[in-house]
Structures are given as structure tokens and as C-alpha cells.
Protein chains: 2
Amino acid sequence: MAKRKVTITDIADEAGVSVPTVSRVVNGRDDVSPATRARVEELLDRHGYRRRGTSGSRAALLDLVFTDLDSPWAVEIIRGVEEVAHEAGVGTVVSAIHDRAGSARQWLTNLRARASDGVILVTSALGPGIQDELRRLGVPLVVVDPAGSSAPKEPTIGATNWAGGMAATEHLLELGHRRIGFIQGPPRLLCSRARLDGYRAALDAADVPADTALVVPGDFYHEAGFTGCNRLLNLPEPPTAVFAASDQMALGAIEALRRRGLRVPEDMSVVGFDDLPEVRWSAPPLTTVRQPLSEMGRLAAQMALDLARRVQPASPRMELATELVVRASTAPPREV
Amino acid sequence: MAKRKVTITDIADEAGVSVPTVSRVVNGRDDVSPATRARVEELLDRHGYRRRGTSGSRAALLDLVFTDLDSPWAVEIIRGVEEVAHEAGVGTVVSAIHDRAGSARQWLTNLRARASDGVILVTSALGPGIQDELRRLGVPLVVVDPAGSSAPKEPTIGATNWAGGMAATEHLLELGHRRIGFIQGPPRLLCSRARLDGYRAALDAADVPADTALVVPGDFYHEAGFTGCNRLLNLPEPPTAVFAASDQMALGAIEALRRRGLRVPEDMSVVGFDDLPEVRWSAPPLTTVRQPLSEMGRLAAQMALDLARRVQPASPRMELATELVVRASTAPPREV
DNA sequence: CTGAAAGCGCTTACAG
DNA sequence: CTGAAAGCGCTTACAG
């Protein structure tokens with residue numbers, strides 16, 4: 001996989017320039033002609049050149065990349081990754097890419113200079129171009145909660161989202177609910193689709209007809225839970241329970257209910273997904289599907305570290321178990 | 001300040017051993033006699049040796065150190081630091097020290113190997129020994145929300161905690177509350193003491209006698225808000241409002257009230273401190289004192305980067321403004 | 001704008 | 001367990 005590490009000598013030979021010239025390009029000096037610089041840079045990129053100082057230093061840095069750093073979600077993953085990395089004497093570099101191409105480039109340049117030993121990508125914050133480049137650099141890549149296709153080339157870590165969606169829905173069915181609303185996650189994420197399918201599968205297994213009006217869009221954030229819940233309440237025949245595909249949306253839904261003077265769980269049951277630490281303390285404490293986020297982080301870090309040491313992971317794809325946590329936001333429907 | 005960088009040659013000379021031997025110690029090989037290793041390690045530490053590869057590379061890494069990575073608080077700081085660092089093409093290494101001495105050592109060793117360009121410490125997670133060592137290494141240090149003395153040697157970034165504590169209390173006084181409970185933060189933190197003093201100052205200014213029974217201990221976490229609030233409710237003459245020194249404790253307090261069937265704000269007003277993103281969505285949305293956490297992170301990162309480039313910061317100590325955000329958890333007391 | 005030469009900091013065999 | 005020797009990857013003057 002990783003052929004002999006390229007040195008500036010190699011690049012110089014291939015470019016037909018001297019070693020000092022390549023050195024200048026690598027260090028971003030401005031005393032190089034544009035033509036030469038372009039040629040050398042192209043070669044540098046193509047070969048995935050990485051500054052090596054003198055010789056191979058031990059794994060010392062792991063990169064953890066998010067699209068945004070704007071949810072309590074993120075800190076759980078960071079915690080898991082940091083724990084494993086810290087134990088291994090490895091630093092954890094946290095970045096947010098914000099879906100901007102320039103931002104990803106910036107990060108990649110820095111990553112190369114730092115000679116990072118592995119990358120953990122949360123929900124594929126990177127375009128395929130960048131991923132190819134990582135491959136060329138020989139930096140191992142692990143994806144947590146992948147977005148794209150169901151058969152990515154990279155090893156992935158996820159949770160049993162389908163089973164979790166099913167468990168939450170079964171819980172509501174067992175309480176006697178028949179009309180159960182569902183607030184979706186962003187459809188591009190695999191985990192969103194799996195949760196929705198789990199919901200549908202549970203309804204199906206219970207012979208409850210699926211009403212498409214009961215499934216409303218969302219994006220995992222509070223606001224979407226708020227508006228989604230309002231939408232469900234405005235239905236001619238509103239549901240008696242709401243299953244939100246994330247805890248944040250569940251809290252948004254509870255706020256929508258509170259504003260209408262409806263009580264949880266007396267007037268409406270609400271279930272979330274994630275089990276963020278704070279939902280133990282929401283009013284009322286949230287029934288939700290626990291996703292072992294920090295465990296997922298730990299596992300991803302372990303895998304990335306193994307790959308950096310050229311140890312093949314036991315399995316290239318892993319799903320950790322989700323678990324229904326019943327608290328105080330669910331109860332039988334009024335009419336029963 | 002920073003004398004000539006030490007090389008392994010310097011260390012070898014001083015220790016009276018060969019260069020390869022020092023190299024072996026630095027790389028943690030085990031084929032060195034304990035006596036030699038000890039002598040060399042002592043010298044390495046004393047001179048603050050840092051691997052330099054070949055020659056000086058640009059600022060590329062900033063270290064952000066927490067005691068624990070267990071609160072939504074942390075992610076706000078991380079976000080601010082990461083933004084500034086990212087823009088500067090610098091990576092952000094996040095670590096949790098957990099108050100364990102060995103953990104700090106581990107981190108320091110890694111930091112040295114990585115040649116970090118600056119350290120941002122959140123609430124002084126490090127012992128003074130480690131701080132001295134950083135100084136020797138010539139790595140600039142910025143402290144966010146300092147713990148110890150009020151006149152630290154390092155530049156610090158904080159918020160106007162005293163003014164915030166006062167503003168929250170004044171708000172409750174204006175609503176007509178006279179018995180206001182206070183749930184404290186950990187007393188070793190400067191910010192905790194300042195919030196308490198702000199609370200007292202407001203009572204004092206309004207000529208409301210301070211009842212020491214109304215001040216209960218806490219540690220910023222949910223649980224402490226829960227038990228603290230229960231303690232206040234069990235008082236012979238309970239308060240009509242609770243000011244918690246953190247949002248998480250405020251949410252814990254709301255849960256304690258809910259369990260007793262008391263409504264917020266009808267039966268009891270609750271104010272928090274921080275304005276974490278999620279408290280906009282608590283039930284009811286929390287009145288709180290906004291602390292610009294991500295701004296504090298941004299500022300700390302900017303300062304650390306400046307110091308790394310030997311630019312003196314405008315002021316070595318800075319407090320960003322807090323701001324009262326009134327939402328739905330406060331109202332006039334019943335009896336008025 | 002570029003290269004030949006010297007040199008720096010470090011590591012890797014090898015020998016004992 | 002330790003050092004003398006060779007060498008690697010890179011940079012820094014210097015010269016043109």
C-alpha cells in the first residue's frame with residue numbers, strides 16, 4: 001500500500017531541479033519562478049510528499065475532523081478519541097471543516113506539515129478529492145457515522161441505528177400508541193435513513209399502517225424538532241407520540257408542546273436518539289435511544305492507531321449496539 | 001528569554017555520553033542503563049530539550065488543555081480556539097488531564113515531541129511544576145478562567161463574572177424576589193467566587209439581608225444543582241428564586257422542582273450562568289447570564305499565537321462582558 | 001531565480 | 001550497554 005516514502009531528493013530528480021529548489025517550494029518561499037513552483041508542487045501533491053525531518057518518528061498525532069463543532073454530540077466523540085490517544089501518548093488534533101473547500105485544503109496542508117498519523121472523519125466531512133489525497137499520503141482514515149454509500153472503501157464505525165429506531169418505536173407501540181410521528185435526520189446520512197427504516201419496520205411488524213404524513217423532515221438540530229413537532233400537531237389527526245431522530249430535536253419538540261400548553265408525557269410522548277448526557281436532566285428526563293458516542297470515538301481512535309502501525313483491524317466495518325433508555329417522557333396515550 | 005535551542009549534542013556533552021546514547025533516551029529505547037538514562041533525562045528536562053528535526057518550522061500546533069472533557073461548555077471553547085487556529089493554518093490539539101499527575105507528564109512529553117507552539121489552559125488544569133516546565137520550554141501559556149491566585153504570571157482570559165452575578169441577582173430583585181437562593185461553583189475557581197460576590201453585592205445594594213443558609217455548595221454539574229435545590233427547598237423558609245452559578249446546575253435545579261410538582265417560573269424562578277446553546281431549549285427556556293465562551297476561546301487562541309510570534313498582547317489580563325439573557329424561567333414571586 | 005557546497009540534527013547499523 | 005562511523009533528509013549561506 002505505502003510505497004517507499006518520497007523525499008525531496010526524489011522530487012528534485014523527477015522535476016529536474018536541485019534539492020534546495022524543492023526545499024524552497026515546500027517551505028513556501030517566494031523566490032521560485034511560478035513555472036518551477038507549479039511543476040514541483042504538482043509532483044509534491046502527486047507523490048503525497050510529507051516532511052520527515054530526519055527519520056521515522058512514532059505515531060504522535062491523530063486528526064479528528066468534524067463538519068461543525070456545534071453540538072454536545074461532538075464533545076462525546078472527542079472525549080472517546082482523546083482518551084485512547086492520550087493513553088497511547090498521541091495528541092488529538094480537532095478540526096471543523098465547515099463544508100468549505102478552502103477550509104479542507106487549509107487543513108490538509110497543515111496535516112501534511114504536522115505529519116499526522118491518522119484521520120478520523122465524523123460523518124464524512126470531506127469531499128472525495130480530499131479523501132483520495134489522504135490515500136496518496138498514506139494516512140489511514142477511519143469514518144465515524146458515514147454519510148455516503150453503504151460500502152465505502154474506508155473502515156467505518158457506526159451504531160446500530162436501525163435496531164435503535166426499531167426499539168424506540170416498539171416501546172411506543174407497547175405503550176399503546178398507534179399514531180407515532182417521526183422527525184427525520186438529514187437524509188444524506190446513512191444513520192438517518194437507518195433510523196427511519198427501523199421506525200417503519202417496527203410499525204410494519206405491529207401491523208400499524210404507515211402514514212406518510214407522520215414523517216416530517218429534520219436535520220438533527222433543536223429548531224427542526226420544534227418546527228417538525230408543530231407540523232405534526234397541525235395535522236388533521238395528530239399523533240399521540242413523537243419519535244425524534246436526535247435528542248436535540250426531541251428537546252425542540254418538547255418546547256413546541258410546552259408552548260401549546262401540552263404536557264409531556266401526559267398529552268404526548270416524546271422519544272429521542274443519542275442519549276446526550278444532558279437529557280437525563282431535561283424536563284421531563286428524556287426517554288431515548290442510547291448511542292455509545294464516546295465508545296465509538298474510542299474504537300475509531302484505536303482503529304486509526306492500529307492502521308498507522310500497519311495492523312489490520314479485525315473488521316473494517318463495525319456497529320456498536322444502541323440501547324433504549326426509558327425515562328419520563330413516554331407514557332400510554334390519553335385515549336387508552 | 002529563549003536562549004539558543006538545545007540539541008542532543010549539547011546534552012551529550014554535558015552528560016558525558018555520546019550523541020547516539022542521548023538519541024536512544026529521547027526515543028525511549030530500552031537499551032540504556034538506568035543510571036545513564038536518569039542522568040540524561042534529568043538534563044533533557046532541565047534544558048527543556050525539544051526535537052527539532054532539522055530546522056525551525058513555522059507555528060503549526062496549539063494545545064488546548066482541559067481538566068475534563070465532560071461538558072457542553074468545553075465544546076464552545078474548542079470551537080472558538082479552533083476557528084482562530086484554523087484560519088492561521090494551525091492545528092488545535094485537545095487534551096484532558098483529569099488531574100492525574102501522570103497524565104500531565106504524558107501530555108507534556110507528547111507536547112515536546114510535537115513542538116507545540118502555544119498552550120491554552122482552561123481553568124488551570126496543570127500543577128505549578130508543569131507550568132514551570134512549560135516556561136523553560138519557552139512555550140507560551142494562556143489561561144482561560146484561571147483557578148488560583150488573582151495575580152498569575154501568565155496572561156489570562158476570563159469573563160466579567162462579578163458583574164454577571166450581580167446582573168442575575170438584580171433581575172430577580174427587580175421581579176420582587178427577596179429570598180434568593182444561590183448554588184455555588186467550585187470554590188477553588190476564581191470565577192465561582194466572583195459570581196458569588198456579585199450575588200452578594202446586589203443583595204447588599206438592595207438592602208436585602210444576606211442569609212447564609214441560602215447559599216449552598218455546588219460544582220457546576222447537574223447533580224449539584226439538583227441536590228442544592230432540594231436543600232434550599234427543605235429550608236424552614238425556602239427561597240422564591242434560585243440563582244445557579246452554572247446552566248447545568250440550573251437544569252438540575254429545575255428537575256428537582258419538577259419532581260416536587262413545583263412549576264418554573266410560577267412557583268419558583270431559576271437563573272443560570274453560561275448560556276449554553278441548549279438552554280434556549282430547556283423547559284422552560286432558561287433565563288441566564290451569557291458568557292461568551294467561544295469568544296473567550298478565540299481571544300485565547302489569538303493571544304497564544306501572538307505570544308508564539310513574540311508579539312506582546314495588548315493586555316495580559318482580559319475579561320469579556322457577560323450579559324443577562326431573560327427567557328422564560330423567571331417571573332415575579334407568588335406572594336407579590 | 002537557481003544550484004554546488006557545506007553543514008545541522010538526528011538515527012542507524014555495527015562492533016565491542 | 002555504549003560509542004565511532006556513516007548516512008539521511010533537509011536547510012543555509014553563497015555565488016552567479
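Since the model is a prediction, treat every value here as computed from it, not as a measurement. Computed over heavy atoms, backbone and side chain alike; hydrogens, waters and symmetry mates excluded.
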N/O (side chain, [X]) to phosphate O (OP1/OP2, [N]) under 4.0 Å:
{"X": "B/Thr21", "N": "D/dG3", "value": "yes"}
{"X": "A/Ser23", "N": "D/dC10", "value": "no"}
{"X": "B/Ser33", "N": "D/dC1", "value": "no"}
{"X": "B/Thr36", "N": "D/dT2", "value": "yes"}

Qualifying residues under salt bridge (charged side-chain N to carboxylate O under 4.0 Å, His left out), relative to A/Asp63, sequence neighbours excluded: A/Arg114
Shortest non-hydrogen contact between B/Ala304 and B/Pro140, atoms and distance: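 Of all heavy-atom pairs spanning B/Ala304 and B/Pro140, the closest is O-CG, 4.1 Å.
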Minimal non-hydrogen separation, A/Val19 against A/Thr9, with atom names: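 Answer, listing the atom of A/Val19 first, then A/Thr9: CG2-CA, 4.0 Å.
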Student check: side-chain heavy atoms of A/Asp274 and A/Glu76 closer than 4.5 Å: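 Contact flag for A/Asp274/A/Glu76 side chains = no.
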Candidates [options] - which lies nearest the side chain of [X]:
{"X": "A/Arg24", "options": "D/dC10, C/dC10, C/dG3", "result": "C/dG3"}
{"X": "A/Ile8", "options": "C/dC1, D/dC10, C/dA4", "result": "D/dC10"}
{"X": "B/Pro20", "options": "D/dA4, C/dA4, D/dC10", "result": "D/dA4"}

Intra- and interstrand pairs of DNA chain C - dot-bracket, Watson-Crick/G-U under 3.5 Å, | marks other strand: |||.||||||||.|||
Touch class at under 4.0 angstrom, heavy-atom based, for A/Val17 against every strand present: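 Touches sugar-phosphate only.
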Spacing between A/Ile11 atom CD1 and C/dG3 atom C1', to the nearest angstrom: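 To the nearest whole Å, that distance equals 18 Å.
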Spacing between B/Asp31 atom CG and C/dA13 atom P, to the nearest angstrom: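 After rounding, the gap between these two atoms is 13 Å.
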Pairwise distance OG1(B/Thr92) to CD1(B/Ile120) - rounded to 0.5 angstrom: 7.5 Å
Gap between atom CG of B/Leu121 and atom OG1 of B/Thr67 - 0.5 Å precision: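 Here the rounded value is 7.5 Å.
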